[in-house]
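These values consider heavy atoms only, across backbone and side chains, with no hydrogens, waters or symmetry-generated copies. In what follows, chains are A, B, ... by sequence order, proteins preceding strands, each numbered from 1. Nothing here was measured: the structure is a model prediction, and the numbers come from that model.
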Number of protein chains: 2
Amino acid sequence: MGYSIKTIAQKSGLSQYTLRYYEREGVLPVVARDVNGNRCFDDEDLELISLICCLKDTGMAIADIKQFIALSKEGSDALSDQCRLLQEHKQHIEEKIQFFQSFAQKIDHKIAYFSSLANEAKAANS
Amino acid sequence: MGYSIKTIAQKSGLSQYTLRYYEREGVLPVVARDVNGNRCFDDEDLELISLICCLKDTGMAIADIKQFIALSKEGSDALSDQCRLLQEHKQHIEEKIQFFQSFAQKIDHKIAYFSSLANEAKAANS
DNA sequence: TTAGACCTTAGAGTTAGGTGTAAGTCAATA
DNA sequence: TATTGACTTACACCTAACTCTAAGGTCTAA
């Protein structure tokens, strides 16, 4: 009979607050309700939430995710737009990976430099 | 005779507001002043700012950068601590790279899936 | 039949990280 | 000498992304 918000919070790693906030903001499409008005998530929702987390954690702003999700409501006409957005975002991720790799190197150099200073200081003290 | 805040803003890509904010917050060590009380940056400052940007852009929080910078004031005793912090942060960066790579893949799968849906829709329309 | 666990909404509060404004100092220039 | 432009401080304001609170509804087990 679908998942409660508590279950989805556990499965997704998002808090219940965040899930409600996402629905309110249109980051999540409106979630189905049971007879008591309680949210009733299904596996498709869970899959979508996983994609949303993936986009968010790779640096996509909430507002942009919202736009992406809004396209889902327009059906198959919008599929190519959704593809384009994903492709653009993938480009960003790849740039970030490059960037992070070069920064990891830079930090490596710093570590080497700091180590040599630390060793000098040790030698001077002995 | 050193660089003005304007020059450093241009060279670093940070705004003057941000540079002042960083100094205020202790993210930057206190900057030297000229006879008029104006900030007077040198190449060492510029080098440090570049490291700070690198740490920030790879996801280190301002508060943690501040801690790292504070250790600089303790001289050579703190060098090994600074090394350790950098090493830990490099670890984080490498995890992030992994993470981003796996997410890029996931997004690739999504793109393939959305493309196939888009093609189906096109075929159905023709 | 009441206690406890779960859910709901509306709306306020928080945090990080800036960004902008106001009022003033100083030095060079028309 | 008056104005222009760059700088200063103190402090207020802003945005994104949550996070919490209050007040209440519903279900289940003792």
Side-chain angles (χ1 to χ4, degrees), chain A residues 1-42 45-46 48-70 89 92 96, chain B residues 1-42 45-46 48-70 89 92 96:
Chain A
M1 282 291 72
Y3 308 112
S4 71
I5 193 166
K6 188 178 187 185
T7 308
I8 292 294
Q10 279 159 358
K11 283 185 192 253
S12 68
L14 298 174
S15 72
Q16 299 187 24
Y17 295 140
T18 303
L19 287 166
R20 291 196 195 98
Y21 164 71
Y22 279 6
E23 189 187 2
R24 228 170 33 240
E25 293 294 305
V27 174
L28 277 180
V30 174
V31 178
R33 302 305 174 108
D34 66 13
V35 286
N36 297 316
N38 293 354
R39 285 173 188 80
C40 193
F41 295 83
D42 61 20
D45 291 323
L46 193 53
L48 193 56
I49 289 167
S50 143
L51 177 59
I52 288 168
C53 287
C54 164
L55 293 173
K56 188 198 65 172
D57 292 343
T58 50
M60 189 183 278
I62 290 298
D64 293 341
I65 298 176
K66 185 174 159 174
Q67 261 199 305
F68 175 79
I69 295 300
H89 184 61
H92 287 150
K96 261 190 191 167
Chain B
M1 284 293 73
Y3 308 111
S4 71
I5 193 165
K6 187 179 187 182
T7 308
I8 292 293
Q10 279 159 356
K11 282 185 193 252
S12 68
L14 299 174
S15 71
Q16 298 187 25
Y17 294 140
T18 303
L19 287 166
R20 291 197 194 98
Y21 165 71
Y22 280 6
E23 189 187 4
R24 228 169 32 239
E25 294 294 305
V27 175
L28 276 181
V30 175
V31 178
R33 302 304 173 110
D34 66 13
V35 287
N36 296 316
N38 293 353
R39 286 175 187 79
C40 194
F41 295 82
D42 60 22
D45 292 322
L46 193 53
L48 194 56
I49 289 168
S50 142
L51 176 59
I52 288 167
C53 288
C54 164
L55 294 173
K56 189 196 63 170
D57 292 342
T58 49
M60 189 182 279
I62 291 298
D64 294 341
I65 299 175
K66 185 173 160 175
Q67 261 201 305
F68 175 80
I69 295 300
H89 184 59
H92 288 151
K96 260 189 191 168

Below the 4.0 Å mark, does [N] have OP1 or OP2 next to a side-chain nitrogen or oxygen of [X]?
X	N	result
B:Ser4	D:dA6	no
A:Tyr22	D:dC18	yes
A:Ser15	D:dC18	no
A:Asn36	D:dC27	yes
B:Thr18	C:dT19	yes

Output the rounded distance in Å from [atom1] ([X]) to [atom2] ([N]).
X	N	atom1	atom2	value
B:Arg39	C:dT25	CZ	C1'	14 Å
A:Arg20	D:dC20	CZ	P	12 Å
B:Leu55	C:dG17	CG	P	13 Å
A:Leu14	D:dT19	CG	C1'	13 Å
B:Ile62	C:dT19	CD1	P	11 Å
A:Lys66	D:dA16	NZ	C1'	12 Å
B:Gln16	D:dT9	CD	C1'	14 Å
A:Tyr17	C:dT9	OH	C1'	13 Å

What I'd like to find out is whether the side chain of [X] reaches to under 4.5 Å of the side chain of [Y], using heavy atoms alone.
X	Y	value
B:Arg20	B:Ile5	yes
B:Met60	B:His92	no
B:Ile52	B:Phe68	no

To the nearest 0.5 Å, atom CG of B:Asp45 lies from atom CD of B:Glu23 at 9.0 Å
Between A:Arg33 and B:Arg24, who's closer to the 5' end of DNA chain C by nearest nucleotide?
-> A:Arg33
Is there a donor-acceptor pair under 3.5 Å between the side chain of B:Ser50 and the backbone N or O of B:Leu46?
->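 No, B:Ser50 side chain to B:Leu46 backbone: no donor-acceptor pair under 3.5 Å.
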